[in-house]
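Each remark here refers to the structure printed beneath this line.
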Amino acid sequence: MDFRPLARRRLPAPLFHYIDGGADDEWSLRNNTRAFENHQLMPNQLQDVSQIDLRTQVLGTELAMPLVLSPTGMNRLFHHEREPAVARAAARAGVCYSLSTLGNSSIEEVAAACDGPKMFQIYIFKDRGLTREFVVRARESGYQTLCLTVDTPLAGNRERDLRTGMIMPPKFTLAGLASFLMSPHWSWHYLLDHDFRMANVAHRVDALGAGAMSLIDYVNSQFDRALTWDDAAWLSEQWPGPFVIKGLQSPGDARRAAEIGASAIMVSNHGGRQLDSAPAPIDCIAPMRDAVGDQLELIVDGGVRRATHIVKALALGANACSFGRPYLYALAAGGERGVERMLELLRSELTRTMALLGCRSIAELDERVLAGNTPSDKI
Ligand SMILES: Cc1cc2nc3c(=O)[nH]c(=O)nc-3n(C[C@H](O)[C@H](O)[C@H](O)COP(=O)(O)O)c2cc1C
């Protein structure tokens, strides 16, 4: 699934590094994928693997394979086809699509593009009226699931963005500016359409009389750092369907999430973009599962790049996996067709992995397919 080099060629450097980078020393970013290497898979042979069934029930709905596309903001930066392209590809592949509050496409536009399972990812803003408005719009537009991200009281320290000038407002270096000229496909579409507004919050910014460039400032100033579990409980009560909390990693937090009635946790360190040195999500699954039993579903979010990663996560006790960068690279490389191709490749890789492992269905993935842990890498 090597869409990353293609994305690197297609995108102006500051935008590629905005997707690709992490916080501080990027230790968590690297470790999220590397941690999967600490687990081995033990094949069971002669199991009649002529039929492999990848379907599974997650978030109260059937998915064609155990995958959720994580919410990512501002997809217009990466391709002119924006969020609806990803949502359509997800629906065709039968996986769950998540729209970020900070998308360039509205809740309603994405709902119209996506007739598959979909989730709206919400931040609690200081302006509770806006948060309430999102809940109503997502419900009325047919999103089955609401997902509250809690690991972003403020933005992480992404030093690549400081170096490339990908900050708001942008302060590009000469090299950064030159890379826009060297990305003719991207730059041509920029000339045709440069509406980069965050469609779901733009009306509030306009109401304040601010210009488009201050959107990020508005959002940053609106993220409520005073949030507590009471706020999460309040939001959970507003939503009639599955309620997900994204960004938890500790067993204690998993217990709190179960207590307030969450249906699932996206076990995540935001792809290594927030707290550097936070543990890899895959390493959090077993302790969280021990803490909450079957009270809620666990989704491994971060570092998932291969079918073997999905299989290991499920064997360790997760219900599904999710990822962000893999589909953003594919979007940047080829728009909707790129995402569709990436999901097809992943599906065939997962089918092959299951067959080689001797498992015919997702339900067969449990600790018996693990061959024991290898000693952790010394980093
Ligand atoms: C460019 C980019 C934008 C993101 N925007 C959001 C967002 O708006 N809301 C959110 O909850 N997470 C956001 N994330 C985090 C993803 O949802 C997800 O946690 C992360 O990408 C998982 O790691 P992976 O990229 O290794 O799969 C973003 C990630 C990236 C790379």
Side-chain angles (χ1 to χ4, degrees), residues 1 3-4 7 11 14-23 26-36 67-79 82-83 86 95-105 107 110 119-125 134 145-156 158 160-161 164 166 198-201 215-216 219-220 222-223 244-249 265-276 278-282 284 299-306 309-310 313 320-332 342 346:
M1 276 208 296
F3 289 93
R4 184 173 173 269
L11 285 175
L15 303 184
F16 172 77
H17 288 294
Y18 179 66
I19 300 177
D20 201 58
E26 302 190 338
W27 184 88
S28 290
L29 169 64
R30 289 189 299 279
N31 190 51
N32 283 356
T33 299
R34 197 167 43 198
F36 284 97
L67 184 70
V68 175
L69 300 192
S70 314
T72 59
M74 298 195 293
N75 286 188
R76 172 64 189 90
L77 289 174
F78 317 127
H79 198 277
R82 300 180 288 122
E83 288 82 3
V86 183
V95 300
C96 180
Y97 175 74
S98 322
L99 174 67
S100 162
T101 302
L102 307 181
N104 293 121
S105 312
I107 294 174
V110 169
M119 144 159 111
F120 181 66
Q121 177 264 316
I122 198 165
Y123 287 111
I124 298 184
F125 286 65
F134 288 150
T145 303
L146 187 71
C147 167
L148 170 66
T149 296
V150 295
D151 58 10
T152 318
L154 70 172
R158 317 217 180 119
R160 287 203 219 185
D161 295 344
T164 62
M166 187 58 204
M198 289 185 236
N200 293 306
V201 297
L215 273 166
I216 287 259
V219 167
N220 270 340
Q222 277 295 315
F223 277 21
V244 180
I245 304 186
K246 175 171 182 284
L248 304 182
Q249 299 207 267
I265 296 172
M266 286 178 84
V267 181
S268 179
N269 56 30
H270 216 99
R273 295 164 79 81
Q274 289 295 104
L275 174 68
D276 199 22
I282 187 66
C284 302
I299 300 172
V300 172
D301 176 69
V304 176
R305 298 293 179 267
R306 284 274 180 200
H309 298 166
I310 298 178
C321 287
S322 58
F323 56 47
R325 292 183 185 84
Y327 81 77
L328 290 180
Y329 297 138
L331 177 71
M342 185 274 295
L346 182 66

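One-based numbering, in listed order, for ligands and for the atoms of each.
The backbone N or O of I107 lies less than 3.5 Å from a partner atom in the side chain of N200, making a donor-acceptor pair. Between the side chain of R273 and the backbone N or O of I19, at least one donor-acceptor pair lies under 3.5 Å. No side-chain donor-acceptor contact under 3.5 Å links R160 to the backbone of P14. Although no hydrogens or angles enter the test, the distance criterion places a donor-acceptor pair under 3.5 Å between the side chain of Q274 and the main chain of G156. Between the T33 side chain and the G303 main chain, a donor and an acceptor come within less than 3.5 Å of each other. With N269 contributing its side chain and G272 its backbone, the two residues share a donor-acceptor pair below 3.5 Å. Between the side chain of N31 and the main chain of L29, no donor-acceptor pair closer than 3.5 Å is present.
In summary, the atoms of ligand 1 found under 4.0 Å from a heavy atom of S268, numbered by their order in the structure, are 19 (O). The Y123 neighbourhood of ligand 1 comprises atoms 7 (C), 8 (O), 9 (N), 10 (C), 11 (O), with distances under 4.0 Å to a heavy atom of that residue. Counting the atoms of ligand 1 from 1 in the order shown, those under 4.0 Å from a heavy atom of I19 are 31 (C). Atom numbering of ligand 1 starts at 1 in the shown order; those under 4.0 Å from a heavy atom of F323 are 27 (O). Of all the atoms in ligand 1, the ones that sit under 4.0 Å from a non-hydrogen atom of R273 are 1 (C), 2 (C), 29 (C), 30 (C), 31 (C). Within the listing of ligand 1, atoms 24 (P), 25 (O), 26 (O), 27 (O) sit less than 4.0 angstrom from a heavy atom of R305.
Ranking the protein heavy atoms by distance from atom 18 (C) of ligand 1 puts D301 OD2, 3.3 Å first. Atom 21 (O) of ligand 1 has G324 CA, 3.6 Å as its closest protein atom, hydrogens excluded (heavy atom only). In this structure, the protein non-hydrogen atom closest to atom 15 (C) of ligand 1 is H270 CD2, 3.5 Å. Closest to atom 4 (C) of ligand 1 among all protein heavy atoms lies T72 CA, 3.6 Å.
Comparing C147, G73, G272, G271 against atom 23 (O) of ligand 1, the shortest heavy-atom distance belongs to G271. Proximity annotation for atom 12 (N) of ligand 1: of Q121, K246, Q274, M198, K246 comes nearest, heavy atoms only.
Within the 4.0 Å heavy-atom criterion, the part of T149 lying near ligand 1 is the side chain and not the backbone. Contacts with ligand 1 closer than 4.0 Å are made by no heavy atom of T33, backbone or side chain.
For the ring-ring contact (aromatic ring centres under 6.0 Å, His included) test, residues two or more places apart in sequence or in another chain that qualify with H309 are F36. Partners of Y123 under the ring-ring contact (aromatic ring centres under 6.0 Å, His included) rule, at least two apart in sequence or in another chain, are F223.
Checked by distance only, ligand 1 and S70 stay at 3.5 Å or farther apart across all their nitrogen or oxygen atoms. Ligand 1 has no N or O atom lying under 3.5 Å from any N or O atom of P326, backbone or side chain. Checked against a 3.5 angstrom limit, the closest N/O atoms of P71 and ligand 1 fall inside it. Taking only nitrogen or oxygen atoms, main chain and side chain alike, S100 reaches within less than 3.5 Å of ligand 1.
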- Message: For a side chain to side chain donor-acceptor pair (under 3.5 Å) check, start with the C-alpha distance between T149 and Q121, then their side-chain angles and the critical distance, and finish with the verdict.
- Response: CA-CA 7 Å; T149 296; Q121 177 264 316; 3.1 Å; yes
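Contact record, V304 with I310: CG1-CG1, 3.9 Å, taken as the closest heavy-atom pair.
Using a 4.0 Å heavy-atom cutoff, V304 is absent from the residues neighbouring ligand 1.
Judged purely by distance below 3.5 Å, without hydrogens or angles, the side chains of R82 and S105 pair a donor atom with an acceptor atom.
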